[in-house]
Visitor: 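Just passing along the structure, written as structure tokens.
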Amino acid sequence: GQQLNQSPQSMFIQEGEDVSMNCTSSSIFNTWLWYKQDPGEGPVLLIALYKAGELTSNGRLTAQFGITRKDSFLNISASIPSDVGIYFCAGESSGTYKYIFGTGTRLKVLA
Amino acid sequence: DAGITQSPRHKVTETGTPVTLRCHQTENHRYMYWYRQDPGHGLRLIHYSYGVKDTDKGEVSDGYSVSRSKTEDFLLTLESATSSQTSVYFCAISDGRTSGTGGANVLTFGAGSRLTVL
């Protein structure tokens with residue numbers, strides 16, 4: 001079946017540093033979503049991407065829909081302690097309405 | 001919150017017993033999903049629904065059944081729970097819009113149901 005490879009699996013960074021993570025797929029996707037999950041809660045949507053090459057920002061977060069439609073990237077600038085959590089990518093193939101999720105990137109910010 | 005309620009939030013049960021988890025939405029969204037979350041596996045799709053009485057399997061559907069008799073409710077049933085089904089279960093909803101902008105066709109998640117099968 002379809003697989004999403006998300007990397008890195010975990011990151012320890014200093015407060016103020018920039019963070020980059022990415023997802024690659026074996027299949028072409030028409031939509032990419034990025035989520036953040038805090039402990040004990042459900043994932044919360046950060047950014048949605050709909051077109052190849054699209055670059056979208058949400059505050060300090062920027063995500064891009066890869067040109068090949070098989071990858072996506074999320075960048076966090078000037079990290080702060082509340083950025084701690086697990087970040088997930090998710091992709092949907094055209095017309096399926098089924099989203100496949102990556103295994104997550106666990107981010108820890110050291111003050 | 002987007003109007004998704006999962007119940008129960010926590011449940012401990014014994015192997016072999018039936019379990020039903022409920023997802024209730026007030027958004028009138030067409031699509032509803034059940035995912036399970038386990039360490040190292042992220043979120044894996046169990047079943048989803050694209051309308052009343054219309055459901056389809058996801059990638060880890062064995063041992064689970066679902067029903068959707070009303071737009072607002074999506075039930076996940078474990079007919080005979082096993083220890084491998086110990087997990088956190090998340091319900092999600094989507095409007096299924098295809099406009100390609102403005103938050104169309106995104107998943108909104110409930111708070112999760114933690115199930116422990118002893």
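Proteins get letters first, then strands, A, B, ... in listed order; numbering begins at 1 in each. Source: prediction; values computed, not measured.
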Visitor: So does K57(B) pair up with D62(B), basic N to acidic O under 4.0 Å?
Guide: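 Salt bridge flag = no for D62(B) with K57(B).
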Visitor: How are the rings of F29(A) and W32(A) set relative to one another: parallel (under 30°), tilted (30 to 60°) or perpendicular (over 60°)?
Guide: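 Ring orientation of F29(A) relative to W32(A): perpendicular.
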Visitor: Could you tell me whether D95(B) and R30(B) have a side-chain N and a carboxylate O separated by less than 4.0 Å?
Guide: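 Salt bridge absent between D95(B) and R30(B).
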Visitor: Please lay out, stage by stage, how F101(A) and Y35(B) fare under the test ring-ring contact (aromatic ring centres under 6.0 Å, His included).
Guide: CA-CA 10 Å; F101(A) 279 77; Y35(B) 285 86; 5.2 Å; yes
Visitor: Side chain, backbone, both or neither: which part of Q6(B) has a heavy atom under 4.5 Å from chain A?
Guide: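 For Q6(B), there is no contact with chain A at all, as no heavy atom is under 4.5 Å.
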Visitor: If we count only N and O atoms by modelled type, under 3.5 Å, do the side chains of N75(A) and T62(A) hold a donor and an acceptor together?
Guide: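 N75(A) vs T62(A): no donor-acceptor pair found between side chains.
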Visitor: Is the closest basic N to carboxylate O distance between D83(A) and K36(A) below 4.0 Å?
Guide: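 K36(A) and D83(A): not salt-bridged.
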Visitor: What part of Q9(A) lies closer than 4.5 angstrom to a heavy atom of chain B: side chain, backbone, both or neither?
Guide: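 Neither; nothing under 4.5 Å.
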Visitor: For the residue pair F109(B) and Y35(A), categorise the inter-ring angle as parallel (less than 30°), tilted (30 to 60°) or perpendicular (more than 60°).
Guide: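 The arrangement is perpendicular - the two ring planes meet at more than 60°.
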Visitor: Counting only non-hydrogen atoms closer than 4.5 Å, does Q37(A) touch chain B with its backbone (N, CA, C, O), its side chain (CB onward), both, or neither?
Guide: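 Q37(A) touches chain B through side-chain heavy atoms alone.
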Visitor: Could you tell me which residues in residues 14-21 of chain B have at least one non-hydrogen atom under 4.5 Å from a non-hydrogen atom of chain A, sorted by residue number?
Guide: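 Under the 4.5 Å heavy-atom cut-off, nothing qualifies.
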Visitor: Please state whether the side chain, the backbone, both or neither of F88(A) comes within less than 4.5 Å of a heavy atom of chain B.
Guide: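 For F88(A), side-chain heavy atoms alone lie under 4.5 Å from chain B.
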Visitor: Using side-chain hydrogen bond (donor to acceptor under 3.5 Å, both in side chains) as the criterion, list what pairs up with T86(B), not counting sequence neighbours.
Guide: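 side-chain hydrogen bond (donor to acceptor under 3.5 Å, both in side chains) check on T86(B) returns nothing, list empty.
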Visitor: Heavy-atom distances under 4.5 Å only: say whether L43(B) touches chain A with side chain, backbone, both or neither.
Guide: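 Both the backbone and the side chain of L43(B) come within 4.5 Å of chain A.
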